[in-house]
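Below you'll find the structure, written out as structure tokens, and then a few comments.
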Amino acid sequence: MSEEKSLNFIEEIIENDLKSGKYETLVTRFPPEPNGYLHIGHAKAICLNFGLTQQYGGYTNLRFDDTNPVTEKTEYVNSQQEDIQWLGFQWKNELYASDYFDQLHGYAVQLIEKGLAYVDESTAEEIAAQKGTPTEPGTPNQYRDRSIEENLDLFAKMKAGDFEDGACILRAKIDMASTNMLMRDPIIYRIKHAHHHRTGDAWCIYPMYDFAHGQSDSIENITHSICTLEYVSHRELYDWFIAQLGIFPSKQYEFARLNLTYTVMSKRKLLQLVNEGLVSGWDDPRMPTISGLRRRGYTPESVREFCERIGIAKRENLIELSLLEFCIREDLNKKATRAMAVLDPIKLVITNYEGDGEILIGENNPEAEDKGGTREIPFSKELWIEREDFMEEPAKKWFRLAPGAMVRLKFAYIVKCDDFVKDAEGNVTEIHCTYFPESKSGSDTSGLSVKGTIHWVSTKHAKTAQVRLYDRLFSVVSPDAEEGDFKDYLNPNSKEVLSKVYIEPALADATLGTGYQFIRKGYFCLDKDSTADHLVFNRVVSLKDGWKG
RNA sequence: UGUCCGAUAGUAUAAGGGUAGUACGACAGUUUUUGGUACUGUUUGUCUUGGUUCGAAUCCAGGUCGGACAACCA
């Protein structure tokens, strides 16, 4: 690696470990629990783990941390795999913590045999009480000094299904007075007579996270086990199990999780939004889930770029949504096919235009290297234009239409506003213009110059579509930090549906998964709800608006 | 009244004893048949108090502030 590029702290650790010969091959893992859909915070972890092995060689495993049968589903396994691949990464091995249930059980038996684990028949409440508090030590109970034989026997009975859920648990025997609460004889196995999505009914005891994660890392020879800050205090336990078991010493490193403004990131809260119907599903375009971003029209490249830009560090952070928006605009600016669509239409009549069947040529993307080719755009006497592009009494520095003002119609002619029509309520219903035939785009000999260019769609050629405009899901910067229920801070205007938007004919051929720029209006993509005769577009993000009207 | 983690412009992130830099944002301008893009410029920062040192964002000590830790969740 070059010395010029600054490294984050994890890259530094890895470079040192590789240089010193501590490890020959870098092995990382991405270890989601299959209990929900992946979100942009996971994307950060995915890009980190997979990115590291792309950078330094080695490989990354996908391991599902499926030790709690009651929360996990195959549906989630599938969606999580799809999301990782969509982001552009491929794991070396697809693994499951549940693959190691036999081995993990063996480790537990080993611990018992070493006098380092015991079966505790206390209730959950008793155990919590005996645990003490962060400032007061815990107290050992009478089960702590059971004989190895008795523990072995009891644990076998637990495994055999002789006990009801909650009747007893297996605990590691460490230190009830430790300043680290997690070291106060943590529970390592609990009884759950539950059906597991992969092991079915083979087990009725399941290992806890702390007893499964480090050992799973170790079994897979993970060299650098990267997780978020909330696991810092688990590291002592992680190391303790590995040391007592004498197995491959994987090492855990923690970085700060991603927080994004105007949204929530916890699976629990996202699940609530889904379950309570506050969003249309995990892939609602307003959701910070990877599937939501995908449906919204974000590209994998833009999400990866975002993850690259936010950096990796150990301090708490709250990233501005504007950075994510910058990343998708930057990507789509290069890729998106330009087209014209009028979201809030008003009719413009070119009173002196008598042509019929004129076809104009539009460049598809001035920002692409090959300009994206061209397309045909039908023109006619009557057009739809954007209501906001006309002002009866123009503001200062108004470049668009107003009585007496001239603008260019994109790809077409310069027109001058002569008149407008109002209805009984005083709303402008029609704008009358004259055009300058010699000002045709590409062959303008008129000598006229105008400051404004507006988009339009020919009324008789226009197709229609539904357009969904999205805004931030929450109206406060950090819903997590607010008092009370986070759902009280949902933005009531996060979704606006425009049922009849006029689009140029070329847009009728829009395909799923491609980005379009509706000129001057933003980036859009076809939604999966679309059918051949009912097109639905999502607005990915608006264009940056420099107009300070 | 504990232990652990952290603190650099508005937001992130560099600088590992030697000129505090970069990006996003904001603001201003140039270019422009998208008030977009591109380009240029401006703006604002080392939590605090001491110490070590010729020299401290960096090392040390105390303080302050923020976060994590008492699920048979992960």
Side-chain angles (χ1 to χ4, degrees), chain A residues 5-8 12 31-33 35 65-68 70-72 97 120 122-124 127-138 165-171 178-182 184 186-192 205-206 208-210 212-213 227-236 254 256 261 267-268 309-327 329-330 333-334 338 340 363 366-367 397-400 407-412 414 439 441-442 444 449-455 517-523 542-549:
Chain A
K5 191 198 169 249
S6 63
L7 304 174
N8 64 48
E12 283 185 21
E33 182 188 12
N35 69 343
D65 224 335
D66 56 349
T67 57
N68 185 357
V70 304
T71 57
E72 295 149 8
D120 191 328
S122 308
T123 64
I127 287 175
Q130 292 158 6
K131 204 135 202 178
T133 70
T135 53
E136 297 162 305
D165 287 9
C168 52
I169 42 94
L170 184 70
R171 303 176 75 170
S178 172
T179 53
N180 183 349
M181 302 276 301
L182 287 162
R184 320 240 265 225
I187 294 169
I188 59 180
Y189 260 95
R190 78 285 215 189
I191 300 168
K192 273 182 194 281
I205 55 170
Y206 292 92
M208 297 287 288
Y209 164 84
D210 284 302
H213 202 98
C227 60
T228 48
L229 248 26
E230 60 264 38
Y231 292 97
V232 169
S233 54
H234 292 251
R235 190 175 59 231
E236 190 179 358
E254 312 87 10
T261 56
K267 264 190 219 167
R268 196 192 103 244
R309 282 172 179 266
I310 57 179
I312 301 294
K314 297 187 76 160
R315 80 183 81 118
E316 308 283 337
N317 60 78
L318 180 62
I319 308 285
E320 291 175 346
L321 192 60
S322 61
L323 183 62
L324 220 207
E325 294 181 337
F326 166 81
C327 291
R329 285 193 187 107
E330 182 189 45
N333 179 49
K334 293 179 302 201
R338 270 59 174 175
M340 295 195 287
E363 192 176 58
E367 302 301 324
K397 288 203 172 171
W398 179 254
F399 298 163
R400 288 118 88 162
V407 294
R408 173 174 293 281
L409 297 170
K410 182 77 180 172
F411 304 124
I414 291 175
S439 68
S441 187
D444 186 344
S449 99
V450 293
K451 299 276 274 193
T453 299
I454 64 171
H455 60 282
Q517 186 195 93
F518 290 1
I519 293 175
R520 302 208 303 136
K521 297 311 293 181
Y523 294 102
S542 65
L543 252 31
K544 211 174 139 185
D545 191 1
W547 165 240
K548 302 290 184 294

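The shown structure was predicted, so the numbers you read here are calculated from the model rather than taken from an experiment. By convention in this document, chain letters (A, B, ...) are assigned in the order of the sequence lines, proteins followed by strands, and residues within each chain are numbered from 1.
One C1' atom belongs to B/A38, the other to B/U32, and the distance between them is 9 Å to the nearest Å. Going from the P atom of B/U1 to that of B/U58 covers 28 Å, rounded to whole Å. Nucleotides B/A26 and B/G67, compared at atom P, are 29 Å apart to the nearest Å. Nucleotides B/A9 and B/A20 are separated by 11 Å at their C1' atoms, to the nearest Å. For B/G50 and B/A56, the C1' atoms lie 13 Å apart once the distance is rounded to whole Å. Distance noted for atom C1' between B/G29 and B/G66: 40 Å (whole Å). On the P atoms, B/U33 is 22 Å away from B/A28, given to the nearest whole Å. Between B/A61 and B/C4, the distance separating the two P atoms is 13 Å to the nearest Å.
Under 3.5 Å, the side chain of A/H234 and the base of B/A74 form at least one donor-acceptor pair of N or O atoms. A donor-acceptor contact under 3.5 Å is not formed by the side chain of A/Y231 with the base of B/A68. A/R315 contributes no side-chain N or O that forms a donor-acceptor pair with the base of B/G67 under 3.5 Å. With hydrogens and angles left out, the side chain of A/R520 and the base of B/U34 share no donor-acceptor pair within 3.5 Å. At a cut-off of 3.5 angstrom, counting only N and O atoms as typed in the model, there is no donor on one side facing an acceptor on the other between the side-chain of A/E230 and the base of B/G67. Between the side chain of A/S441 and the base of B/U33, a donor-acceptor pair under 3.5 Å is found. At a cut-off of 3.5 angstrom, the base of B/U1 holds no donor-acceptor pair with the side chain of A/E136.
Taking the six-membered ring where the residue is Trp, A/Y231 and A/Y209 present tilted rings, their angle falling between 30° and 60°.
Residue contacts for A/E320: at a heavy-atom cut-off of 4.0 Å it reaches a base atom on one of the strands shown. Residue A/F399 is in base contact, counting any heavy-atom pair closer than 4.0 Å across all strands shown. In this structure, A/I454 reaches neither bases nor backbone, as no heavy-atom distance under 4.0 Å exists between it and the strands shown. Within 4.0 Å (heavy atoms only), A/G522 reaches no atom of the nucleic acid at all. Looking at heavy-atom distances under 4.0 Å, A/R338 makes contact with a base. A/S122 comes within contact range of at least one nucleobase, with a heavy-atom separation under 4.0 Å. Using a 4.0 Å heavy-atom cutoff across all strands shown, A/E367 reaches at least one base atom of the nucleic acid.
The shortest heavy-atom contact between A/A212 and A/T67 is CB-CG2, 3.6 Å. Taking both residues in full, the closest heavy atoms of A/N180 and A/S233 are given as ND2-O, 2.9 Å, listed atom of the first, atom of the second, then distance.
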### Task
Might you work through the side-chain hydrogen bond (donor to acceptor under 3.5 Å, both in side chains) test for A/S322 and A/E325, ending with a clear yes or no?
CA-CA 5 Å; A/S322 61; A/E325 294 181 337; over 6 Å; no

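By the 6.0 Å and 45° rule, A/K451 stacks over the aromatic ring of A/F399.
B/C4 is paired with B/G67 under the Watson-Crick or G-U wobble criterion, all donor-acceptor distances under 3.5 Å.
Between the side chains of A/N35 and A/E72, not a single donor N or O lies within less than 3.5 Å of an accepting N or O.
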